[in-house]
Amino acid sequence: MSSDSLFITLQHADSFFPSGATSFSWGLETLCNEKTIQSSFDLNTYIEGQLRGRWVTCELPGLIAAYRARGDLEAVARVDKELHVLSLTKEFRTGAERAGSGLLTTHAKLGTPHAEEYKKLVKSLKAPGQLSAVQGLLWFGVGLTQHQAAVLSGYSFCSAFVSAAIRLGLIGYVDSQIIIKNMHEISAHLLSQPLVPLEELNSYIPETDIAVMRHETADSRLFFN
């Protein structure tokens with residue numbers, strides 16, 4: 001990996017990068033409030049389940065398919081729509097769209113190739129703007145390799161849960177780093193496996209789907225979902 005490539009990867013993995021990811025807990029807020037998840041051990045187990053039940057079977061192959069489109073916006077939109085229909089709950093689906101829209105807006109301001117064009121496509125309702133499809137398009141645009149984009153996807157996926165857990169007061173910063181280390185080992189193993197074909201995308205995270213549905217009617221909410 002060249003120093004330029006490493007710098008770009010670190011830039012887009014940085015918590016200071018204005019991706020809008022801090023607005024979402026992806027069901028974790030409900031599970032914490034209902035005492036389903038009460039410790040760092042619980043959280044570690046939960047995130048591993050998310051990696052195996054959705055990321056490697058849906059988010060990652062969707063991102064890679066969008067990356068391999070190499071800026072072909074119609075091809076990205078087709079992947080985008082596949083990801084959209086696999087998001088069963090309203091808050092999960094619209095959360096991924098909001099996160100994708102926020103990322104597009106930031107990259108359009110940065111001048112990332114295809115960001116402004118795809119943003120217009122989403123605004124005209126010709127593409128939903130699901131986060132993973134948007135990431136694949138934009139990370140190709142900034143010059144990351146496919147492997148770097150895949151690793152960044154795994155890190156971003158895990159760090160979103162860990163960041164939410166810190167804000168919810170579930171864990172501290174040291175525990176967060178232990179969990180990230182554990183998830184690195186698991187995501188590295190998953191990345192070594194054959195990629196799920198686009199026509200076989202699937203997601204099985206029933207606990208999360210139900211938590212996200214209950215979140216919609218919660219009396220007080222810190223996160224969007």
Side-chain angles (χ1 to χ4, degrees), residues 12 17-28 50-51 53-110 112-142 144 146 149-150 152-154 156-157 160-161 164 195-206 208-213 215-216 221 223-225:
H12 292 277
F17 190 89
S19 64
T22 55
S23 300
F24 311 96
S25 82
W26 310 107
L28 184 61
Q50 300 303 298
L51 281 171
R54 182 170 178 91
W55 178 70
V56 76
T57 61
C58 184
E59 305 288 353
L60 175 64
L63 181 147
I64 295 301
Y67 180 97
R68 289 175 177 174
R70 305 183 68 83
D72 181 339
L73 300 190
E74 290 186 5
V76 174
R78 287 194 293 271
V79 176
D80 200 349
K81 292 170 184 176
E82 288 287 336
L83 292 168
H84 182 77
V85 299
L86 283 170
S87 296
L88 302 180
T89 61
K90 178 183 177 182
E91 281 203 352
F92 202 105
R93 187 169 55 250
T94 55
E97 290 171 0
R98 287 194 179 193
S101 177
L103 195 61
L104 278 170
T105 297
T106 296
H107 277 270
K109 292 177 180 178
L110 294 174
T112 300
H114 313 300
E116 185 62 41
E117 294 89 339
Y118 202 73
K119 181 183 175 184
K120 291 177 181 177
L121 209 61
V122 172
K123 190 174 182 180
S124 65
L125 304 181
K126 294 180 179 178
Q130 290 283 313
L131 178 61
S132 292
V134 169
Q135 288 172 331
L137 170 70
L138 298 176
W139 292 344
F140 170 79
V142 299
L144 296 183
Q146 179 179 298
L152 180 53
S153 170
S156 300
F157 186 89
F161 289 109
L195 190 68
V196 173
L198 189 60
E199 61 273 14
E200 296 179 16
L201 294 186
N202 66 91
S203 174
Y204 185 70
I205 45 170
T208 299
D209 287 336
I210 294 168
V212 167
M213 286 188 280
H215 186 272
E216 190 174 359
R221 300 184 293 179
F223 295 93
F224 176 80
N225 61 17

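These figures come from a predicted structure and were not determined experimentally.
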Colleague: Run Lys90 and Met213 through side chain to side chain contact (heavy atoms under 4.5 Å, CB included) and show every step you take.
Modeller: CA-CA 7 Å; Lys90 178 183 177 182; Met213 286 188 280; over 6 Å; no
Colleague: Any donor-acceptor pair under 3.5 Å linking the side chain of Gln130 with the backbone of Gly100?
Modeller: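 Not a single qualifying donor-acceptor pair exists.
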Colleague: Checking Leu63 against Phe157 for the side chain to side chain contact (heavy atoms under 4.5 Å, CB included) test, could you report, in this order, the C-alpha distance in whole Å, the side-chain angles of both residues, the deciding distance, and whether it holds?
Modeller: CA-CA 12 Å; Leu63 181 147; Phe157 186 89; over 6 Å; no
Colleague: Is Leu103 close to Phe17 at the side-chain level, that is, under 4.5 Å between some pair of heavy atoms?
Modeller: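 Yes, their side chains come closer than 4.5 Å.
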Colleague: Can you list every pair that meets side-chain hydrogen bond (donor to acceptor under 3.5 Å, both in side chains) and has a residue in residues 98-109, with sequence neighbours left out?
Modeller: His107-Thr112
Colleague: Which pairs with one or both residues in residues 63-85 pass salt bridge (Lys or Arg N to Asp or Glu O under 4.0 Å), sequence neighbours excluded?
Modeller: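 Of all non-adjacent pairs touching residues 63-85, none passes salt bridge (Lys or Arg N to Asp or Glu O under 4.0 Å).
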Colleague: Distance from Phe224 atom CZ to Trp26 atom CH2, nearest 0.5 Å?
Modeller: 8.5 Å
Colleague: I'd like to check the side-chain hydrogen bond (donor to acceptor under 3.5 Å, both in side chains) partners of Ser25; sequence neighbours left out, ordered by chain and number.
Modeller: none
Colleague: Where do Pro61 and Val56 come nearest, in terms of heavy atoms and distance?
Modeller: CD-O, 3.4 Å
Colleague: Please enumerate all residues that pass salt bridge (charged side-chain N to carboxylate O under 4.0 Å, His left out) together with Arg221, with sequence neighbours excluded.
Modeller: Glu91
Colleague: For the residue pair Leu152 and His12, what are the closest heavy atoms and their distance?
Modeller: CD2-CB, 3.8 Å
Colleague: Compare every heavy atom of Ser153 with every heavy atom of Trp55, then report the nearest pair and how far apart it is.
Modeller: NE1-OG, 2.8 Å
Colleague: Less than 3.5 Å apart, any donor N or O on the side chain of Gln50 or Thr208 sitting next to an acceptor on the other?
Modeller: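 Distance-only check passes for Gln50 and Thr208.
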Colleague: Taking distance alone, no hydrogens or angles, what donor-acceptor pairs closer than 3.5 Å link side-chain atoms of residues 196-206 to residues at least two apart or in another chain?
Modeller:
residue, atom, partner, partner atom, Å
Asn202, ND2, Glu200, O, 3.1
Ser203, OG, Arg54, NH1, 3.0

Colleague: Evaluate His84 against Glu97 for side chain to side chain contact (heavy atoms under 4.5 Å, CB included), listing each step before the verdict.
Modeller: CA-CA 9 Å; His84 182 77; Glu97 290 171 0; 2.7 Å; yes
Colleague: With Trp139, which residues qualify under side-chain hydrogen bond (donor to acceptor under 3.5 Å, both in side chains), at least two apart?
Modeller: none
Colleague: When rounded to the nearest 0.5 angstrom, what distance separates CG in Leu86 from CD in Glu59?
Modeller: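 Going from CG on Leu86 over to CD on Glu59, the span is 9.0 Å.
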Colleague: Using every non-hydrogen atom in the two residues, find where Leu83 and Ser132 come nearest and quote the distance to one decimal.
Modeller: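 Between these two residues, the closest heavy atoms are CD1-CB, 3.9 Å.
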Colleague: In Å and rounded to the nearest 0.5 Å, what is the OH to CD distance from Tyr67 to Gln135?
Modeller: 13.5 Å
Colleague: Could you report the tightest heavy-atom contact between Leu28 and Ala164, atom names first, then the distance?
Modeller: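 Reported closest heavy-atom pair: CD2-CB, 4.1 Å.
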Colleague: Which heavy-atom pair separates Ala127 from Tyr118 by the least distance, and what is that distance?
Modeller: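 Looks like CB-OH, 3.3 Å.
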